[in-house]
Structures are given as C-alpha cells and as structure tokens.
Amino acid sequence: MYHKPPTTEAQLMTRAVAMSGLTVRQLAEIVSENIPPDLKQHKGWLGQLVERYLGASAHSKAAPDFEALSIELKTIPVDESGTSRESTYVCTVPLLELANVSWEASWVYRKLSHVLWVPIITPPLTALPDRLIGMPLLWRPAAEEAASLRADWQELTDMIALGQLEQVTAYHGNILQIRPKAADGRALCWGINEEGERFLTLPRGFYLRSRFTTALMQKYFQLQK
DNA sequence: CATTGATCATAA
DNA sequence: TTATGATCAATG
C-alpha cells in the first residue's frame, strides 16, 4: 500500500499519527516491503519505508520530501526515554562559491525550516522488526533554536570561505557539525584552500548533534500515544 | 561510552 | 558523480 503525496498538513499528520504505535514489522507489511536482517547494509531502509507510507514525493531529488507542503521528513532513532541515539544528517556542505550566501538562502536553513520528525523507538539491542514508530512532531525552529543554528552555520561557513576546510572537524559547532559524508574514504570532491586554489577533498555534510535532537524530543514530544 | 570519522545502498 | 536515506565502528 502506497499513499499518494499528501496535499495538506492535516492529511500528512493524520497519516503520521496513524502510523505511530506500529512496529517496523507491521509497517513493512503494510507497505509490502521485505525487512532486511539489520541496517548494517541498508542504512537508509527505514527512512525510505516511512517515506513510502507517508507518500513522500521527492525520492532522491534535491527537494523537500513533501514537495507541495515544503516539509522535510526525518526519522530519528531514540531510546525509550526519547534520547537520540544518532546524529541527524541535514545536507551536504557546499564547498565552492559559498561566500556571500545568506543564512536564509542556505541549504541548512531551507532544510530545517519545516521538518516532520518521526521517532523510531529503538532501545539498545532491539531487533529491527520490533522497533516502534513513535508519535510524529511537525517542527519549525523556535527563535532561540534558529539563532543557535544560524550561529553555528555562520562559524562553519566562514571557516570554509576562508579556505580553512581542512581545519574544520566534527568538534566545531554547538548543535550543528560538519563530518564526512561519502561512499568511503576515497570519495573526493573539489574544495578551496587558503590560496583560493581548488584541491581534492572528502565530501562533507552538515549534521545535527544528538544532544540537540534529544532536547527537541524532550521539549516537544510525546513519544507514544 | 559518547563522539567522530568512515561507510553502505540506491536512483538519476 | 551527485543526490537521497542514514548507521557503523574505531577511538579518545
């Protein structure tokens, strides 16, 4: 069973709430997907399962998951107390021509301006089929959250614009960090060094630290019905 | 034992 | 090769 793309927020939320409380096994059955033994070689499988159920429209396109609604979907593994178990990938880091890009025009801003968070309740050692879909949260950054994101984005973007990409590590940024995002350690793309010359480097991505997503859960969430 | 740096699958 | 979806696993 596949849903068509939702046309209203209310429709999307009705579906998302209906999905909560199901096990991954039940959701896979509804969507007619086979469950892999674990996520080791299928890291994006669960996110895509939820996409299909909810009717996300932008499969592997550079667009919000729900295009008509401009809403991004993120599944997030949490334990039974709502503590996030992983960081959350946001988008790739543009390494070229990022000078003079405003916060409002940045990919990070646009990706995070409206997000449907779907927690996957995953206590330690829970087998994939037994994980529970939690209550969804439709989120827009509060002023304080947006300011914090903006400050991190600005700091990291400034470093890259100055050609200091090789000095940026995952330790930079309070809630937003930059880490490799690549097929493996041999994947390369172009960056700009301090002399303004192009050089080959590992592709990078922006990620939300798990302490931030954990704070979101605990501020706004009712994990289960 | 939380966090960083590395990695896996798939589509276009 | 770039985008999407992320989690794995070594390490400080």
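Naming convention: chains lettered A, B, ... in sequence-line order (proteins, then strands); numbering from 1 in each chain. All values below come from the heavy atoms of this structure, side chains included, with hydrogens, waters and symmetry mates left out.
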At 4.0 Å (heavy atoms only), tell me whether [X] reaches a base, stays on the sugar-phosphate, or touches nothing.
X	answer
A:G47	sugar-phosphate
A:T88	nothing
A:R85	nothing
A:L202	sugar-phosphate
A:W107	sugar-phosphate
A:A187	nothing
A:P203	nothing
A:Q41	sugar-phosphate

Could you check how far [atom1] of [X] sits from [atom2] of [N], rounded to whole Å?
X	N	atom1	atom2	answer
A:E33	B:dT10	CD	P	12 Å
A:D184	C:dT7	CG	C1'	16 Å
A:R179	C:dA9	CZ	P	15 Å
A:Y207	C:dT7	OH	P	11 Å
A:L46	B:dC8	CG	C1'	15 Å
A:Y89	B:dC8	OH	P	17 Å
A:F206	B:dT4	CZ	C1'	17 Å
A:L39	B:dT7	CG	P	19 Å

> What's the closest nucleotide to the A:P77 side chain, out of B:dA6, C:dA6, C:dT7?
Replying inline: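 For the A:P77 side chain, the nearest candidate turns out to be C:dT7.
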>> Can you identify which nucleotide, out of C:dA6, C:dA3, B:dT7, has its nearest atom closest to the A:P180 side chain?
In response: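 Closest of the options to the side chain of A:P180: B:dT7.
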Are [X] and [N] close enough that a side-chain N or O sits under 4.0 Å from OP1 or OP2?
X	N	result
A:Q48	C:dA6	no
A:R209	B:dA2	no
A:K111	C:dT4	yes
A:T75	C:dA6	yes

>> The test is salt bridge (charged side-chain N to carboxylate O under 4.0 Å, His left out); show your working for A:E145 and A:K219 and say whether it passes.
In response: CA-CA 12 Å; A:E145 293 159 348; A:K219 265 157 78 179; 2.5 Å; yes
> Considering heavy-atom distances to DNA chain C, does A:C91 or A:E86 have its closest nucleotide positioned more toward the 5' end?
Replying inline: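 On the 5' side of the pair lies A:C91.
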>> Between the base of C:dG5 and the side chain of A:K181, is there a donor and acceptor pair under 3.5 angstrom?
In response: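 Result: at least one qualifying N/O pair found.
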>> Quick check: any donor-acceptor pair below 3.5 Å linking the side-chain of A:K40 to the base of C:dT7?
In response: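 Under the 3.5 Å cut-off, the side chain and the base do not form any donor-acceptor pair.
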> So do A:R85 and A:P124 actually touch side chain to side chain, heavy atoms under 4.5 Å?
Replying inline: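 Touching, per the 4.5 Å side-chain cut-off.
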>> Among A:T92, A:V101, A:V93, which residue satisfies the side chain to side chain contact (heavy atoms under 4.5 Å, CB included) criterion with A:W107?
In response: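 Among the candidates, only A:T92 passes.
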>> Go nucleotide by nucleotide along DNA chain B from the 5' end; which of A:G44 and A:Q177 gets its closest nucleotide reached first?
In response: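 Residue closer to the 5' terminus by nearest nucleotide: A:Q177.
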> Nearest 0.5 Å, what's the OH-CZ distance between A:Y89 and A:R179?
Replying inline: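 Reported to 0.5 Å precision, the distance equals 11.5 Å.
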> A:W45: what forms a side chain to side chain donor-acceptor pair (under 3.5 Å) with it, not counting sequence neighbours?
Replying inline: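 With neighbours one apart ignored, the set is empty.
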> So A:W153 and A:W103, would you call those rings parallel, tilted or perpendicular, with 30° and 60° as cut-offs?
Replying inline: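 Ring orientation of A:W153 relative to A:W103: tilted.
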